[in-house]
Amino acid sequence: MKLILLGAPGAGKGTQAEILCKKLGIPTISTGNILRAAIKDGTPTGMKAKSFIDAGQLVPDEVIIGIVSERLAQADCAGGYILDGVPRTIAQAEALERSGIAFDAVVSIEISEDEILRRMGGRRVCEACGSSYNVDAVPPRVPGICDNCGGKLIQRRDDTPETVRERLRVYHSETEPLAGYYAQRGLLRTVKSGTPEETTRAILDVLGVEA
Ligand code: AMP
């Protein structure tokens with residue numbers, strides 16, 4: 001299964017990618033997590049990406065295309081994968097298509113803007129492994145500590161209200177057109193974002209997968 005998760009920031013792509021990755025036994029490729037790890041490690045890619053991320057802007061397409069092609073070439077991706085947060089522009093989608101990468105389905109997770117703003121305030125991520133939580137909807141077992149690796153949970157620097165507003169503006173202008181792009185190719189499936197369990201159920205339903 002080669003799957004793309006589309007949706008606005010805060011729609012629950014990261015949470016669903018983590019759940020589906022365990023249920024379907026395929027890796028998740030999250031460009032946001034890869035970039036945050038690169039920033040933490042101080043790599044040249046991380047240094048290039050940091051100012052864009054902090055401003056709520058998209059990292060240039062050529063940087064993203066490089067990261068994704070390198071990651072998809074690794075052995076664990078041979079049996080399928082879930083893309084979380086990529087492609088985010090038509091140029092990225094076209095680059096994937098040109099390199100011969102085909103997808104089985106593109107699932108768009110729909111959510112209202114009010115709900116996004118509400119959720120972003122409660123979002124926490126593990127600074128060590130990137131797992132995502134929400135203090136209300138997806139709390140960790142021990143407050144402030146990652147269930148998966150014991151790392152410290154932090155609020156993302158780009159989850160402040162004004163950066164979220166900029167990310168939403170960029171989402172509407174750059175990423176939303178991808179729904180039409182994949183609809184034209186007959187790949188688009190749409191689900192409503194609910195509780196994590198409801199959203200997973202809806203995604204598995206549109207994919208026709210029993211789990
Ligand atoms: P995310 O964790 O998916 O919300 O991504 C966090 C930030 O990383 C975004 O606001 C962008 O600055 C950058 N980013 C992640 N994925 C991409 C992408 N596919 N294209 C451009 N920028 C990206």
Side-chain angles (χ1 to χ4, degrees), residues 4-18 28-68 71 82-93 108-140 143-146 151-179 192-194 196 199:
I4 295 175
L5 293 180
L6 280 185
K13 299 186 298 294
T15 301
Q16 291 306 316
E18 282 171 35
T28 286
I29 288 97
S30 156
T31 40
N33 284 355
I34 294 172
L35 291 168
R36 280 185 288 277
I39 293 173
K40 198 164 157 238
D41 295 344
T43 69
T45 301
M47 269 140 56
K48 222 182 287 173
K50 187 173 186 318
S51 58
F52 293 99
I53 295 183
D54 285 350
Q57 304 285 327
L58 293 183
V59 172
D61 287 334
E62 62 275 13
V63 175
I64 299 294
I65 291 161
I67 290 175
V68 176
R71 182 63 189 87
I82 302 163
L83 296 192
D84 158 22
V86 67
R88 237 168 167 117
T89 62
I90 299 278
Q92 292 177 17
S108 174
I109 307 177
E110 315 257 293
I111 180 174
S112 74
E113 208 133 312
D114 285 350
E115 179 65 10
I116 291 173
L117 294 169
R118 203 182 60 73
R119 279 189 192 180
M120 295 303 235
R123 173 148 80 175
R124 300 290 181 273
V125 295
C126 172
E127 66 173 358
C129 76
S131 297
S132 41
Y133 297 86
N134 185 287
V135 291
D136 304 312
V138 194
I145 304 291
C146 178
K152 185 173 156 208
L153 301 186
I154 55 165
Q155 187 154 25
R156 278 171 45 172
R157 284 164 60 97
D158 60 347
D159 274 351
T160 59
E162 58 297 3
T163 313
V164 169
R165 267 192 292 278
E166 176 59 11
R167 289 165 64 201
L168 283 171
R169 191 194 62 72
V170 170
Y171 169 76
H172 290 307
S173 70
E174 303 290 328
T175 309
E176 223 164 32
L178 283 172
K192 291 243 172 303
S193 183
T199 312

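Note: hydrogens, waters and symmetry copies are ignored here, and every other heavy atom, side chains too, is used. By convention here, the first residue in the shown sequence is residue 1. In this text the structure is predicted, and so the values were computed from the model without any measurement.
- Once rounded to the nearest 0.5 Å, the distance linking CD1 of Ile67 with CD1 of Ile34 reads 6.0 Å.
- Salt bridge annotation for Arg157-Asp54: present, with a cationic side-chain nitrogen under 4.0 angstrom from a carboxylate oxygen.
- A 4.5 Å side-chain heavy-atom check between Tyr133 and Pro139 finds every atom pair outside the cut-off.
- Once rounded to the nearest 0.5 Å, the distance linking CD of Glu174 with CD of Gln57 reads 9.0 Å.
- What you find for Arg71 and Ile29 is that their closest heavy atoms are CG-CG1, 3.4 Å.
- The distance from atom CG of Leu83 to atom CD of Gln92, rounded to the nearest 0.5 Å, is 10.5 Å.
- Pairs of residues two or more places apart, or lying in two chains, that qualify as salt bridge (charged side-chain N to carboxylate O under 4.0 Å, His left out) and include a residue from residues 122-135 are Arg123-Asp159.
- Listed here is the closest heavy atom pair of Leu168 and Leu117: CD1-CD2, 4.3 Å.
- Contact annotation: the side chain of Cys146 approaches that of Cys129 to within less than 4.5 Å [non-hydrogen atoms, C-beta and beyond].
- Between Pro196 and Thr15, the shortest heavy-atom distance links the atoms CB-CG2, 4.3 Å.
- With a 4.5 Å cut-off on side-chain heavy atoms, Pro9 and Val164 do not count as touching.
- The two atoms that bring Ile39 and Gly46 nearest to each other are CG1-O, 3.5 Å, heavy atoms only.
- A donor-acceptor pair is defined here as one N or O able to donate and one able to accept, closer than 3.5 Å; such a pair exists between the side chain of Arg167 and the backbone of Asp158.
- Within the 3.5 Å criterion, the main-chain N or O of Asp136 finds a donor-acceptor partner in the side chain of Asn134.
- With contacts defined as side-chain heavy-atom distances shorter than 4.5 Å, the pair Ile53/Leu35 qualifies.
- Taking every heavy atom of both residues into account, Asp61 and Ala91 meet most closely at OD2-CB, 3.2 Å.
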Set out, in order, the CA-CA distance, both residues' side-chain angles and the distance that settles side chain to side chain contact (heavy atoms under 4.5 Å, CB included) for Cys126 and Lys152, then state yes or no.
CA-CA 6 Å; Cys126 172; Lys152 185 173 156 208; over 6 Å; no
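- No donor-acceptor distance shorter than 3.5 angstrom exists from the side chain of Thr163 to the backbone of Ala55, with no hydrogens or angles considered.
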Between Arg118 and Asp114, does a salt bridge (charged side-chain N to carboxylate O under 4.0 Å, His left out) hold up when you go through it step by step?
CA-CA 6 Å; Arg118 203 182 60 73; Asp114 285 350; over 6 Å; no
Go through the steps for Arg36 and Arg156 under the test side chain to side chain contact (heavy atoms under 4.5 Å, CB included), then give the verdict.
CA-CA 10 Å; Arg36 280 185 288 277; Arg156 278 171 45 172; 3.2 Å; yes
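- Residues Ile64 and Val86 form a side-chain contact, since some pair of their non-hydrogen atoms from C-beta on lies under 4.5 Å apart.
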Set out, in order, the CA-CA distance, both residues' side-chain angles and the distance that settles side chain to side chain contact (heavy atoms under 4.5 Å, CB included) for Ser131 and Val125, then state yes or no.
CA-CA 6 Å; Ser131 297; Val125 295; over 6 Å; no
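- Between the side chains of Ser193 and Arg119, a donor-acceptor pair is found at a separation under 3.5 Å.
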Could you walk me through whether Leu6 and Ile109 pass the side chain to side chain contact (heavy atoms under 4.5 Å, CB included) check?
CA-CA 6 Å; Leu6 280 185; Ile109 307 177; over 6 Å; no
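- Between Arg169 and Glu166 there is a salt bridge, since at least one side-chain N of the basic residue sits less than 4.0 Å from a carboxylate O of the acidic one.
- Formation of a donor-acceptor pair under 3.5 Å by the Gln16 side chain with backbone atoms of Gly12 is not found in this model.
- For the pair Lys13 (side chain) and Ala8 (backbone), a donor-acceptor distance under 3.5 Å is present.
- For Pro87 against Ala93, the heavy-atom pair with the smallest separation is CB-N, 3.6 Å.
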